[in-house]
Q: 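Have a look at the structure that comes next, please.
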Amino acid sequence: MLVPVEWLREYCDPPLSTEELAARLTLTGTKDERSFRYGAKKPDHLVVGFVRSVAQHPNADRLRVCTVDVGEAEPVTIVCGAPNVAAGQTVAVARPGAELPDGRTLTAAKLRGIVSEGMILSEDELALGSDHSGILVLAQGPTPGTPLSEVLPSGTDVIEFEITPNRPDCLGIYGIAREAHASTAAPLAAPPWSDDPGTFSGDAGGVKVTVECPDLCPRFTARVFDQVTIGESPLWLKARLLAAGMRPISNVVDSTNYAMLLSGQPLHAFDLDRVAGAELTIRRARAGETLETLDGQVRELDSDLVVIDDADGPTSIAAIMGGARSEVSDSTTRILLEAANWDGANIQRSALRLGLRSEASARFEKGLSPGQTLEALAVTTKLLIDLCGARVLPGTIDVGGPGPDAPQLTLQPDRVNRLLGSEIPSERCEEILAALGFDVLEVDGALRVHVPHFRRRDVTREVDLIEEVARIDGLDRLPATLPPRNGAAGLLTQPQRLRRLAEDALAARGLSEIVGWSFADPALLDRLRLPAGDRMRNVVTIDNPLSQSLSIMRPTLLASLLDAARYNVSRDVDDVRIFESGTVYRAADVLADEHHALGVLLTGAAAPASWRGGPRHEADFFAAKGLLEAVLGIAGVEFSLERTDWAFLYPGRSAAVLAGEQRLGFIGELHPGVAALWELGATAVWALDLGLVAGAAASTTAYKAFASFPALREDLAIVVPETVAVGDVIATVRAAGGRDLETVELFDVYAGEQVLPGHVSLALHLEFRADDRTLTDDEVATERAAIAKALAERHGGELRA
Amino acid sequence: MTALDRIAELQREAEAAIAGATDPKQLEGLRLHYLGRKSELPMLLRGVGSLDPSQRVAVGSAGNQTRKQLEAMISAREAELAGGEIGERLDISLPGSPPAPTGHLHLITETRRDIEDVFLGLGFSIAEGPEVEHVEYNFDALNTDLTHPSRARTDTFYIDDATVLRVHTSPVQVRAMIAQPPPLYVIAPGRVYRPDNDATHTPQFHQIEGLAVDDGVTLADLKGTLLAFARQIFGEDREVLLRPHYFPFTEPSVEVDVSCFNCASGYLRDGSLCPLCKGSGWLEVLGAGMVDPNVFAYVKDYGYDPESVTGFAFGMGIERIAMLRHGIPDLRLYFDNDLRFLRQFGAR
């Protein structure tokens with residue numbers, strides 16, 4: 001809300017600069033969004049002038065050369081292009097050095113050969129209106145040379161305040177003045193509606209108002225005026241409207257807008273002679289009904305919208321847009337002035353639905369107090385009488401009335417301090433609440449508080465009163481303490497710790513973490529070749545997505561990992577090694593089936609090359625498996641892989657990751673057809689459900705004694721058919737090797753000339769150690785023989801010499 | 001010449017000779033000459049017993065020390081000579097091999113963990129909740145009016161009429177209170193969703209919610225907690241400013257500013273306006289307040305009687321904190337996952 005400070009100071013004028021005032025109000029909850037200067041930047045060099053004579057410019061048809069008395073010893077010469085300039089006028093003059101509202105600084109300038117020592121100003125150039133057709137002619141009287149600021153509004157600081165939705169009472173200048181009063185203790189002037197020339201007895205010219213939907217229109221008040229003369233508003237009023245961001249239109253409309261800006265309550269003036277039957281009916285629109293609004297659009301209505309009818313049917317959409325039919329015009333002489341209260345939520349929905357938001361609807365949608373209607377009527381009544389020569393007819397129409405009284409609340413001062421941790425005395429609480437317009441009475445140490453009508457929605461409980469005390473007393477005065485923290489622990493849970501460990505493990509191995517979108521394209525499911533009925537097809541679908549391509553929640557981290565890989569590869573990054581730690585979603589009966597997943601994607605080289613050479617390892621199954629081993633090793637999970645074909649993985653190069661019987665996730669090389677859709681070459685991936693990993697993780701590790709007797713080392717080369725899995729061979733070796741076999745390590749796999757076709761040679765490194773003695777060569781030879789026998793029987797394996 | 005002087009002289013002489021030796025044979029000769037059974041130093045040591053008692057200890061220890069040093073020096077020189085190419089220089093500017101590349105946590109993860117660690121240190125635990133959430137927990141339980149605009153389909157993603165993508169981490173407050181009676185100290189980091197998409201709004205972003213409910217928790221406690229947070233995250237000289245504000249689920253409600261770490265009271269050293277705080281000297285960082293009694297009323301049956309417990313709650317955006325700390329110009333950078341962005345932060 002734009003608040004011209006000059007206007008604000010009419011009601012509350014603390015001894016603070018604009019900046020200080022804005023800062024103070026910010027600290028008490030009315031936040032200063034920005035402030036600026038409206039109108040003349042400073043009053044210097046702007047003076048009253050008297051035009052002595054006007055002569056045609058010798059070199060320009062449209063310019064005149066004026067001799068202007070500006071209060072100096074000699075009159076000055078000013079070249080003026082306005083058609084209405086004439087001798088004998090009192091005018092506004094800018095002398096060289098003046099800073100004009102548009103930012104220009106005036107200098108003496110030669111215009112077609114004649115030096116102009118200033119400028120005669122128009123309304124527009126003074127930011128007092130939009131009229132640029134000619135110069136502004138002032139009333140006769142002021143002596144030439146008088147500072148312009150003494151006869152005209154000369155610019156004002158403007159503060160734009162952010163008003164929180166609970167404070168519609170601050171959507172008017174007087175409401176802000178009340179805040180300034182409470183915040184600074186500067187006196188508050190009587191409200192502008194305390195002087196009401198209107199009356200409450202009389203039939204208000206016989207106008208009839210019927211409200212058919214009191215739920216949406218709790219109060220409708222109106223007055224009738226005659227002898228209205230439509231014209232321009234005075235400069236002071238135009239200046240205030242402009243500074244507050246509204247355009248002056250005519251004295252009647254400006255009066256209603258002025259009253260709205262001051263009181264916060266919007267009003268509407270009807271030309272009573274154009275209100276058919278001199279009657280208004282406020283009702284819900286009928287579904288399908290159409291109405292042509294002021295902007296010329298034909299709009300289809302529904303029963304959530306409220307319309308105002310006269311005897312000829314609908315004239316306007318209540319609180320949102322007036323109707324052209326009964327609009328005030330230059331010939332208007334009789335006015336029906338309305339100030340009504342509407343259901344805020346309904347107005348908000350309606351304004352949003354119609355795409356019509358105005359200063360008025362923005363106020364109504366916050367839910368104003370029914371009490372504000374009469375305040376705004378009073379302010380406008382006075383203005384219409386003073387500015388438009390109007391006569392107010394006796395009586396005030398009031399349908400609905402002020403509504404129930406606001407409740408009476410009790411404030412226990414010790415509860416204030418118990419909630420805030422402050423030491424605010426009871427008298428201070430009382431003082432603050434009184435300054436904010438609450439009636440406070442001390443009864444037995446407690447404060448009995450009567451809430452004013454304009455805070456009725458916002459302040460309904462003791463805690464709401466405590467907030468008032470807290471903010472006005474100043475949160476800057478609160479001490480900074482720490483809570484008692486009874487029973488507080490401050491520990492990560494085991495799954496949370498594991499998540500961090502796993503992420504760190506991957507980052508420590510050179511991977512970069514991505515954070516992808518939860519949203520995915522439903523086409524993802526087909527692109528991943530998921531068969532009908534696949535679990536991952538059971539997705540969560542957003543009912544109102546930003547777009548179709550962002551309409552499902554990702555069922556796998558592959559969605560974002562693949563997108564991120566493509567993004568980087570398309571920017572000429574050859575080797576992408578990334579991981580993501582995040583939620584994936586599948587549909588469920590209640591909410592969704594969500595789990596925290598950890599996923600890895602590698603494409604290009606599996607590791608950066610060394611300058612010492614060595615083979616380049618591609619990002620393949622085994623590169624991915626190494627990382628999987630690292631993460632599950634850190635988690636202390638014993639896992640196995642089970643050959644499984646996944647639709648999106650390379651057949652024969654993919655597996656399920658198991659901990660016992662529990663499936664933790666998948667690993668494999670990406671199906672080339674899938675990789676191609678993301679413009680990727682050979683790519684390896686895995687993903688795990690970290691919740692399941694945490695469940696399978698070892699808890700506390702128990703100490704195992706290690707023997708100090710020396711180990712005997714043996715290397716074993718064995719030839720097996722290539723169809724035999726190395727993992728099975730190792731398992732056989734372990735089983736046959738007995739309890740003294742400590743370590744089995746694969747260090748070479750060979751297939752080639754020296755091995756039978758269809759066979760591979762595996763080289764294993766074995767370590768035997770007993771925990772109670774030094775093993776002998778004979779003992780190890782026995783174990784070795786047992787291993788050889790088992791390998792031959794189970795896998796057709798043959799030891800190589 | 002005293003025995004001690006003679007030992008020192010022998011040591012100097014022998015050291016020079018050993019350093020100058022150029023082949024193992026010569027070195028062996030030196031060993032015999034200085035340390036052999038019949039050589040001077042061992043003889044001297046054997047004769048210690050005949051010295052004046054006042055000198056025995058000093059001479060004995062000096063002699064033994066010299067003998068040990070000379071032995072070590074001969075061995076070292078021997079090793080050097082055996083090693084042959086002494087003085088071969090490495091190009092120490094070559095990179096390590098094999099390369100051990102540095103990986104990176106995402107800036108959001110790094111920032112989130114930094115914030116988590118502050119609150120873990122203050123005694124808070126980390127609570128979690130689903131992202132696909134009940135309308136009831138997301139709005140109703142948090143005292144959000146049925147007509148509140150945030151419920152509109154323009155402001156919230158709906159799965160169905162009763163289910164949304166949570167618009168804030170606040171429903172975890174409700175879940176945490178249902179799960180555990182007071183005292184309760186939790187933070188809830190997580191992903192949240194709102195249908196906006198531009199440089200300053202992404203449809204998904206991350207928040208950290210905080211909730212403390214205990215006997216006699218005050219607004220001053222909130223201030224102290226957030227001051228501790230601000231100092232650990234933005235620097236030890238930081239101050240906090242609480243400005244009254246409005247949120248449906250807290251009363252009183254505040255917005256919390258942290259004094260700008262980039263400038264002094266809004267201006268840089270060269271006198272220009274600080275681009276970070278735009279000259280205000282303060283950075284708007286989070287929203288907070290005392291838990292509204294209506295929120296407690298919703299979980300009253302779980303031990304949260306609005307008449308007897310008090311608590312504070314706060315919520316902050318992780319992207320915003322990271323943006324302020326690292327000068328990130330556009331929120332969308334977080335989710336593009338350009339490696340040139342990712343590699344700038346969170347090195348591990």
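Note that the structure is predicted; figures quoted are calculated from it, not measured. Chain naming here is simple, since letters A, B, ... match the order of the sequence lines and numbering starts at 1 in each. These numbers come from the heavy atoms of this one structure, side chains and all, not from hydrogens, waters or symmetry mates.
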Q: Using heavy-atom distances under 4.5 Å, tell me whether B:Val240 contacts chain A through its side chain, its backbone, both, or neither.
A: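 Nothing of B:Val240, per the 4.5 Å heavy-atom cut-off to chain A.
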Q: Any luck finding a side-chain donor-acceptor pair between A:Glu503 and B:Thr109 under 3.5 Å?
A: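 Judged by distance alone, the side chains do not pair up.
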Q: Which heavy atom in B:Lys223 sits nearest to a heavy atom in A:Pro479, and how many Å separate them?
A: CD-O, 3.7 Å
Q: Under a 3.5 Å distance rule, please check whether B:Arg343 uses its side chain to pair with a backbone N or O of A:Ser512 as donor and acceptor.
A: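 Side chain of B:Arg343 to backbone of A:Ser512, a donor-acceptor pair under 3.5 Å: no, none is there.
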Q: Given heavy-atom pairs under 4.5 angstrom as the criterion, report whether the side chain, backbone, both or neither of A:Ala23 touches chain B.
A: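 For A:Ala23, there is no contact with chain B at all, as no heavy atom is under 4.5 Å.
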Q: Tell me, side chain or backbone of B:Ser280 under 4.5 Å from chain A's heavy atoms, or both, or neither?
A: neither
Q: Please tell me if the side chains of B:Glu128 and A:Gln496 come closer than 4.5 Å, counting only heavy atoms from C-beta onward.
A: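 Answer yes - side chains close enough.
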Q: With chain A, which of B:Phe124, B:Phe341, B:Tyr334 has the greatest number of heavy-atom pairs at distances under 4.5 Å?
A: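 Of B:Phe124, B:Phe341, B:Tyr334, B:Phe124 has the most heavy-atom pairs under 4.5 Å with chain A.
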Q: Is it the side chain or the backbone of B:His206 that comes within 4.5 Å of chain A heavy atoms, both, or neither?
A: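 The side chain, not the backbone.
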Q: Going from CG on A:Leu591 to CD on B:Glu133, what distance comes out if it is rounded to the nearest 0.5 angstrom?
A: 6.0 Å
Q: Using a cut-off of under 4.5 Å for heavy-atom pairs, which of A:Gly614, A:Gly421, A:Gly487 has the most such pairs with chain B?
A: A:Gly421
Q: Report yes if the side chains of B:Asn337 and A:Tyr567 come closer than 4.5 Å at any heavy-atom pair, otherwise no.
A: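 Of all side-chain heavy-atom pairs linking A:Tyr567 with B:Asn337, none is under 4.5 Å.
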Q: Around atom CD of A:Glu33, are there more than 12 heavy atoms from other residues, nucleotides or ligands closer than 6.0 Å?
A: yes
Q: Side chain from CB out, backbone as N, CA, C, O: work out which of these in A:Glu162 comes under 4.5 Å of a heavy atom of chain B, or both, or neither.
A: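 Only the side chain of A:Glu162 comes within 4.5 Å of chain B.
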Q: Which one wins on heavy-atom pair count under 4.5 Å against chain B: A:Asp476, A:Leu27, A:Asp504, A:Leu491?
A: A:Asp504
Q: Quick one: are A:Met553 and B:Phe157 in side-chain contact, heavy atoms under 4.5 Å?
A: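 No. Closest side-chain heavy atoms not under 4.5 Å.
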Q: Do you know which two heavy atoms are closest between B:Pro99 and A:Ala609, and how far apart they sit?
A: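 Taking B:Pro99 first and A:Ala609 second, the nearest heavy atoms are CG-O, 3.4 Å.
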Q: With a 4.5 angstrom heavy-atom cut-off, is it the side chain or the backbone of A:Thr26 that approaches chain B, or both, or neither?
A: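 Backbone plus side chain of A:Thr26, per the 4.5 Å heavy-atom cut-off to chain B.
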Q: Within a strict 4.5 Å, meaning less than it, do heavy atoms of the B:Tyr158 and A:Ile542 side chains meet?
A: no
Q: With a 4.5 angstrom heavy-atom cut-off, which part of A:Leu511 approaches chain B: side chain, backbone, both or neither?
A: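 Backbone only.
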Q: Any heavy-atom pair between the side chains of B:Tyr246 and A:Arg167 that's under 4.5 Å?
A: no
Q: In terms of heavy-atom proximity below 4.5 Å to chain A, should B:Thr102 be classed as side chain, backbone, both, or neither?
A: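 For B:Thr102, the backbone is the part near chain A, not the side chain.
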Q: Looking at side-chain heavy atoms only, is the closest gap between B:Pro252 and A:Leu420 below 4.5 Å?
A: yes
Q: Is the side chain of B:Gln204 donor-acceptor paired with the backbone N or O of A:Gly516 at a distance under 3.5 Å, no angle test?
A: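 Yes; at least one donor-acceptor contact below 3.5 Å.
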Q: State, without any angle test, whether A:Thr583 and B:Arg191 hold a side-chain donor-acceptor pair at a distance under 3.5 Å.
A: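 Their side chains do not contain a donor-acceptor pair, so the 3.5 Å distance test is not met.
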Q: Between chain A and each of B:Pro95, B:Pro293, B:Ser125, count heavy-atom pairs under 4.5 Å; write down the option with the most.
A: B:Pro95
Q: Non-hydrogen atoms of chain A under 4.5 Å away: do they reach the side chain of B:Glu284, the backbone, both or neither?
A: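 Just the side chain, heavy atoms under 4.5 Å.
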Q: Taking every non-hydrogen pair under 4.5 Å, which of B:Gly216, B:Ala212, B:Pro130, B:Pro195 racks up the most with chain A?
A: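 Heavy-atom pair counts peak at B:Pro130.
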Q: What part of A:Leu546 gets within 4.5 angstrom of chain B, counting heavy atoms only: side chain, backbone, both, or neither?
A: both
Q: Taking side chain as everything from C-beta outward and backbone as N, CA, C, O, which of these in B:Tyr193 sits under 4.5 Å from a heavy atom of chain A? Side chain, backbone, both or neither.
A: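 Side chain only.
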Q: Tell me, for B:Leu105 versus chain A, whether the close heavy atoms (under 4.5 Å) come from the side chain, the backbone, both or neither.
A: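 Both the backbone and the side chain of B:Leu105 come within 4.5 Å of chain A.
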Q: Please state whether the side chain, the backbone, both or neither of B:Thr310 comes within less than 4.5 Å of a heavy atom of chain A.
A: side chain
Q: I need the residue from A:Ala489, A:Gly490, A:Gly29 with the largest number of non-hydrogen atom pairs under 4.5 Å to chain B.
A: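 So the answer, after comparing A:Ala489, A:Gly490, A:Gly29, is A:Gly490.
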Q: Which heavy-atom pair separates B:Ser253 from A:Glu467 by the least distance, and what is that distance?
A: N-OE2, 3.1 Å
Q: Pick one of side chain, backbone, both or neither for B:Ile126, based on which atoms fall under 4.5 Å of a heavy atom in chain A.
A: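 Backbone plus side chain of B:Ile126, per the 4.5 Å heavy-atom cut-off to chain A.
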Q: Report which part of A:Ile578 has an atom under 4.5 Å of a heavy atom belonging to chain B: side chain, backbone, both, or neither.
A: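 Contact with chain B involves the side chain of A:Ile578 alone.
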Q: Given that the side chain runs from C-beta out, which part of A:Glu365 has a heavy atom under 4.5 Å from chain B: side chain, backbone, both or neither?
A: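 Neither the backbone nor the side chain of A:Glu365 comes within 4.5 Å of chain B.
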Q: Would you mind reporting whether B:Arg340 and A:Val573 have side-chain heavy atoms less than 4.5 Å apart?
A: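 Not in contact.
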Q: Closest heavy-atom contact between B:Leu94 and A:Trp611?
A: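 Result for this residue pair: CD1-CH2, 3.3 Å.
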Q: Walk me through whether B:Asp292 and A:Arg461 qualify under salt bridge (Lys or Arg N to Asp or Glu O under 4.0 Å).
A: CA-CA 11 Å; B:Asp292 193 289; A:Arg461 306 162 299 174; 2.6 Å; yes
Q: I'd like to know which of A:Asn568, A:Thr541, A:Thr164 tops the heavy-atom pair count under 4.5 Å against chain B.
A: A:Asn568
Q: Salt bridge check, A:Asp32 against B:Arg243: does any charged N sit closer than 4.0 Å to a carboxylate O?
A: no
Q: What part of A:Val463 lies closer than 4.5 angstrom to a heavy atom of chain B: side chain, backbone, both or neither?
A: both
Q: Going through the checks in order, is the ring-ring contact (aromatic ring centres under 6.0 Å, His included) test met by A:Phe519 and B:Phe335?
A: CA-CA 12 Å; A:Phe519 309 114; B:Phe335 306 118; 9.8 Å; no
Q: May I ask you to decide whether A:Arg571 forms a salt bridge with B:Asp336, counting only side-chain N to carboxylate O separations under 4.0 Å?
A: no
Q: With only heavy atoms counted, which part of B:Asn294 is less than 4.5 Å from chain A, the side chain, the backbone, both or neither?
A: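 B:Asn294 touches chain A through backbone and side-chain heavy atoms alike.
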Q: Out of B:Asp160, B:Thr163, B:Leu165, return the one with the most heavy atom pairs under 4.5 angstrom to chain A.
A: B:Leu165
Q: If you count heavy-atom pairs under 4.5 Å between each of B:Val217, B:Asp214, B:Thr147 and chain A, which one has the most?
A: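 Winner by heavy-atom pair count: B:Asp214.
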Q: My understanding is that only one of A:Leu475, A:Leu419, A:Ile466 makes a side chain to side chain contact (heavy atoms under 4.5 Å, CB included) with B:Leu219; could you say which?
A: A:Leu475
Q: Are B:Asp117 and A:Arg500 close enough, and set up right, to give a salt bridge (Lys or Arg N to Asp or Glu O under 4.0 Å), and what steps lead you there?
A: CA-CA 12 Å; B:Asp117 288 347; A:Arg500 284 191 176 196; 3.0 Å; yes
Q: Which answer fits B:Asp338, side chain, backbone, both or neither, if we ask what part of it has an atom under 4.5 Å from a heavy atom of chain A?
A: both
Q: Which bit of A:Asp464 is near chain B, if near means a heavy-atom gap under 4.5 Å: side chain, backbone, both or neither?
A: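 Both parts, heavy atoms under 4.5 Å.
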Q: Decide yes or no for A:Leu482 and B:Thr225: does some side-chain heavy atom of the first lie under 4.5 Å from some side-chain heavy atom of the second?
A: yes
Q: Could you tell me which portion of B:Leu342 (side chain, backbone, both or neither) has an atom closer than 4.5 angstrom to a non-hydrogen atom of chain A?
A: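 The side chain, not the backbone.
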Q: Is chain B contacted by the side chain of A:Ala607, its backbone, both, or neither, given a heavy-atom distance below 4.5 Å?
A: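 Looking at A:Ala607, nothing touches chain B.
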Q: Out of B:Ala220, B:Gly224, B:Ala347, B:Ala100, which one racks up the most heavy-atom pairs below 4.5 Å with chain A?
A: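 Looking at each of B:Ala220, B:Gly224, B:Ala347, B:Ala100 in turn, B:Ala220 comes out on top.
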Q: Taking all non-hydrogen atoms of both residues, which atom of A:Arg471 and which atom of B:Pro244 are closest, and how far apart?
A: CB-CG, 3.3 Å
